[in-house]
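Labels below follow one simple rule: chain letters A, B, ... track the order of the sequence lines, proteins then strands, and each chain is numbered from 1. Any value given below was found using the heavy atoms of this structure, including those in side chains, with hydrogens, waters and symmetry copies removed.
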Amino acid sequence: MAIFNEPLRYSLPEGDKPGVANPLGVFSRPRSETGLKDWLTTVDHKKIGIMYGSAAVFFMLIGGVAALLIRIQLATPNSNFLSADAYNQVYTMHGTIMIFLVVMPIGAAFANFLLPLQIGARDVAFPRINAFSFWCFFLGGLMLNSSWFLGGGADGGWFNYAPNNGVAYSPSHGIDFWNVGLLITGIASLSGAINLITTVLNMRAPGMDLMKMPIFVWMSLVTQFLLLFAIPVITVAQVLLLMDRVFDANFFNVEQGADPLLWQHLFWIFGHPEVYLMILPAFGIVSEVIPTFARKPIFGYPFMVFSGIAIGFMGFGVWAHHMFVSGIGPLSVTAFALSTMFIAVPTGVKILNWVATLWGGKLTLNTAMLFSIGLITQFTVGGLSGVTHAMAPSDTQQTDTYYIVAHFHYVLFGGALFGFMAGFYFWWPKVFGHMLNEKWGKWNFWTMVVGFNLTFGPMHILGLQGMPRRMQTYDDAMGFNLWNFWATVGSFILASGVLLFITNVFLSLYRWNKAGKPNPGPDPWDARTIEWSIQSPAPEHNFDYDPQIVSVDDFWHQKYAEDENGKLRKVAHGADIAQPGNGEGVHLPAPSYWPLLLAASLPLIGYGLIFSLWLTIPGGFLMVVSLYGWALEPADDLDLPHGHDDHKSDHAEIASTVNV
Amino acid sequence: MRRFNVRGGVTLLALTLLAASCADDKPLNTFEPRGKKAQTIYDSMVHIWWIVLVVFILVVGGTIALTIKGRVKPEDYDENDLPAQVHGHKVAELGWTIAPAIFLAAISVPMVNTIWQLEEDNAPGELDVMVIGNQWWWEYRYDIDGDGFFEDADGDGELYGPEGTGDQDDKEWPLNIALDDDDLSVPNQLVIPAGQQVDLTLTSRDVVHSFWIPRLNGKRDTVPGRLTYWSIHADEPGEYNGWCTEFCGLSHARMRMSVVVLPEAEFDQWLAEQSAPSEVPAEGTDERAGYDVFVSQCSRCHVVSNDDQDLQDAYPKDFEADLLNGAAPNLTHFASRSVFAGATYSQYFGIDPDDDNLDTDQYLNLSDIGKFNEADVLAWIKDAPSRKAMFAEGRRGMPSFDTLSDIDLDNLVAYLATLD
Amino acid sequence: MSNTATPSTEHESHDDHAHPTETQYWLVFLLLAVITAFEVLWSYLGFSGPALVVPLIVMMLVKFVIVAGVFMHLWFDMKMLNGKIFTMAFAAGIVVALAVYTTVVATFEFNV
Amino acid sequence: MSDAAVVAEQATDHVEDEHAGHATSLNLSNMKLAMWLFLGSECLLFGALISTYLLSKARFLTEILAGNPVVVDSISNPTLVEEMRAAGSVEPLFDIPFTSLSSFILLMSSLAMVLAHKAISEADYKNLRIWLGTTALLGSFFIAGQIAEFTAFKEEGLSFTGSLLGSAFFTLTGFHGIHVSGGIVMLMTLLVLSFKGKLNQDRAETVELVGLYWHFVDVVWVLIFTIVYLIP
């Protein structure tokens, strides 16, 4: 890695004076190390990761309130708690927020925070683009949610089928907000994907071959490739819709001969890889947590890697199973039913490998581990119900019923979100320097398990009893009363589980402060990967020097070795061999205003498209200024604290001790 | 504080579970097929359920058992006494890669068979019905004159037909579906004969809907600008319910469906009666006054076939090619149906729609066995949007007629009650 | 995908592979121009069906490969260490796009 | 937007590409890898637009042949409709010789671009400026041709809002045109930097990256030219 082996110096081209303070004479360079300004201008992948996570939890509260509103409305038959119009907005926004503003960004939060730490890099490949990605996501999400106050949210479902998404059928601006907001978050995902793929492929520490990377890195890499290829497709679909709604084009105008199935195809070509890119980071997380607390290596590392790649690859070949009843013809149905069946294979491999990792392990059942086991069991339910409707004939009875709602909540909530919870409990000390309370954590876990299964378990039954999705209300005579009532009870238990987590966050912080901020040490879990070989919380510069990677779970192998009898012994404690966190001489990329400003120009243009094209002029102006401001600003600021210190000799010394 | 009574809670839960599993009050239940096609689907899925159940018990049970067995209290954990460091087992891993693949391949064979079997059966049969989705009600067209077509749909001389007939290239869907005097348009309630396969040609006049009668077959979308094909089959007479299952906008939840299955002879009689025009009420009656209100207020959107030239002239047969205007339900035999407003409201009291043993005769002369639901019909006409959300102001859905006087409304309802 | 994470301290130029000379670039351009001319000619010769489409597609692909290979240096990058990563990144996009969109168009074609 | 950001990053940003030029895990430049990933992603974008166009064309043609009055009336030139019906394709709409010239111009700009890159890697700054300028100029000619073509179509009645084919055609070619325009802006920026003496041999990769983008846009046009214009 150049960044370590080279003196950490960013050479400037001739003509540029070092430390140009205000490149366009607009701003002076942001300098603050703390406070709001620091967060707004930071390019540190860890801070950006924290911001991704906090923003996602913030959006999760909005989406969660929407979910509770849905459940209150459906608790009793013929309820008028929400009007048909309000219900359609609430369920559409619930789905959209949970997918695009919660599950995807939490995955991005973990990827941002962990990828550089797990591959032994100092930051991502393009720190400013990283900041730009975050601000695009956050401002796009805010813009999407501003629709609540500006004439109502989108009301076409998260899938937004044509032609119901046209102005004729949805005259409010809700779908325009949906469209533009998600275009902006799409830019975030795409630039983030390019950035993180480059980081993983190109910035690994010495010795870290691809097949020595932690599983989480692998799963995130596959996720980013899925984003790279799926986002452009939804972008095109949304641009077509934008053209139709704002500029009066005819892409979905049936009168002009348009085919509404085009939207369905484009949407699901994106939509199905989307499902996998939401679950794969969680798979990666539990693949780190389970070996750590089973005290065993992951079972079948290569199979875990290749099954992840296979899921990613096959994820692009199954989209039309969302369209089995659209009348695409039996040939297409057959082909997609078969491909859908077989994507169960790599998924099953993963589950069985986790189970095999548990087998014979000495399991420490702390909260992170409990959530991981929760993922295995609940995702299995979701996966198996998936197999039942991969059968196209049964799917004609099950699609668009609550059976499907149950299925994907088992996958995305019982799977992805439980995995993320495991990740929160596991990496919290590395992120914030203190542990989350275990006792509250266990309450949190059990409340969520009970609430989750009580909410979504009955939905299997409701769906098979014939309750369709997206129904504002149902009739007393349909026989759906009982299980809807229990699902609503469950949803409130589930919500209190989420509140317990948030309480735990603040409570743990409070108690930690009160106890005089004890440091949990670099390696509180006796963990396996190299992010635990640096101090907690992770120092701003990550690594003092290049970690030298010899094997998978390299840090674990530094701690354990066989004694003369061939028995594994702990030979070193994590805290003793961890890097001291001395950032002397490390020079980091400087913070910048431009990513934030460039990202801010996009919602401005978006509001312009929705309300008045004149508004796009200031937006466009800000965009051009930001682009040039960004381009002309040196990414580095030599006047920054930390100072620039040429430690060439030190580095040479470290390099010479390396065994490759 | 009162202690929570665990035993009472468990008993309560058990009782509710029992009640839920016993009651046969679920008209949409997918596990109670009542026709050939639904039975095929049911048979193809039920054995998967057993397999899935076994896998579920093995994996979830195994995971929980391993967790309980392997747990070690953190304080008892000895760093120098690690479990066996197994990195993997090639044979096992290959095994659980290949075995599920073979297994899935095996269950795929009957699945593919079923897909094609369900599809091939959609070929033209004895009775063909065209299904047209509208926001938020269904229109059913019967090919009465037996020419095999659903009439000159777009007026260009080319005909739509069931699958395999007619001009299949002519697929642009005209939004002005011309009415044909020879053929029959029935809204909201599909009536079919028992024991006979009915082939459906589906399309939509506005957005994507989905046609679904769970007890008779799975679902199939109706896509504007496209024709899709499906079929249903019912073993026994009775009423079967369904629901539009593709989200279709504001009142999606009130786009419900009702299929009445009659014995064959009665079906023929029903068809003959429906094909006849309705009568114009005699001069001077309340019904006649109601008819006049109908001609002036309702005939812009609603069709009633009779031999009155004034009415024929009052509304155009070809609806304007205006997406928002659409076509409203044909009311010629309004009172012969048991439901209205997208099968959301009952037209008669005294019918238990879930009674499978219902004497099917009553559908021929509903007025004989139930009392016409004047109150709901009146309330509907007076302010339809408050009973079912619609974009009436955007000319999509029924506007409110609260400007009409009470007498006019009463007369109108009286007239509608005569349309049997 | 092999990986060589050698901790190199030297500036390893990625330009150490031989690029074409200016004349060669001109020749390649001439070739492209000739193919384009031939494409237009072919479309005017009155063929229809596969006789028209297949040669046009072939010529299109040839042009595509030449531009990507020579102007975008993929042929030369392939020869450098790990250089095929570039080709793979690009080819992955092309392959996914081709597979997915061909299928989409096919589902519209074979919808009965 | 994101491409603009990526490109902006690469256009003058030295930091990343400075240490990228040094050893990385793959010994490859970060910027160049990112650019190739971005281009891979763009394949999906243009693929979706091209398939949309193909489907829209087929549906439009069906309507024209069936005589759907809404669609027929959307083309204001009735002889054109007759020609399309006679030919059974939308071919009569296009002016192939004119577009061939446009395609040739774009191909030529690719040559100029590659020569510009060659010039900077040989520190030949005079030729660098000449070829950068030529590339930008040829790109502008292409855009001018597009505008002329769009105007001609509009006069014949193939408008963006009028018909399905119009929407699809203008969106596909418009998207490509926006990409070309973005490229021209980048080239002009490079040219200005070069005149200010800030574009030296050690930043040859910046020119190479802009070149990659430019060639990709050219390659997309190679596809569009054949698929949209030549194949009926």
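When A:Leu365, A:Asp563, A:Val381 are compared by the number of non-hydrogen pairs under 4.5 Å with chain B, A:Leu365 comes out ahead. Interface summary for chain A: among B:Ile51, B:Asn217, B:Thr67, the most heavy-atom pairs under 4.5 angstrom belong to B:Thr67.
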(request) Mind running side-chain hydrogen bond (donor to acceptor under 3.5 Å, both in side chains) on A:Gln472 and B:Arg254 for me, showing each step along the way? (result) CA-CA 9 Å; A:Gln472 178 235 350; B:Arg254 290 187 173 81; 3.0 Å; yes
(message) The test is side-chain hydrogen bond (donor to acceptor under 3.5 Å, both in side chains); show your working for A:Asp400 and B:Trp212 and say whether it passes.
(response) CA-CA 11 Å; A:Asp400 280 326; B:Trp212 188 38; over 6 Å; no
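Heavy atoms closer than 4.5 Å to chain B are found nowhere in A:Phe293, neither backbone nor side chain. For A:Tyr161, the part lying near chain B is the side chain, with the backbone staying farther off; criterion is any non-hydrogen pair under 4.5 Å. Heavy atoms closer than 4.5 Å to chain B are found in the side chain of A:Asp526, but not in its backbone. The contact between A:Ile376 and chain B is made entirely by side chain atoms (from C-beta outward), counting heavy-atom distances below 4.5 Å. Contacts between A:Trp525 and chain B at a heavy-atom distance below 4.5 Å are absent for every atom of the residue.
Note that CZ of B:Phe31 is 9.5 Å distant from CD of A:Gln397, once rounded to the nearest 0.5 Å. We find the OG1-CD distance between B:Thr63 and A:Gln378 to be 11.5 Å, quoted to the nearest 0.5 Å.
A donor-acceptor pair under 3.5 Å is absent between the side-chain atoms of A:Lys570 and the main chain of B:Asn80, judged by distance alone. Of the possible donor and acceptor atoms, one in the side chain of B:Thr30 sits under 3.5 Å from a partner among the backbone N and O of A:Leu464.
Test A:Arg295, A:Lys362, A:Arg569 against B:Asp81 for salt bridge (Lys or Arg N to Asp or Glu O under 4.0 Å) and you get one pass: A:Lys362.
For B:Trp49 and A:Tyr403, the distance between ring centers is under 6.0 angstrom.
Using bins of under 30°, 30° to 60° and over 60° for the plane-to-plane angle, the ring pair A:His557/B:His87 lands in the parallel bin.
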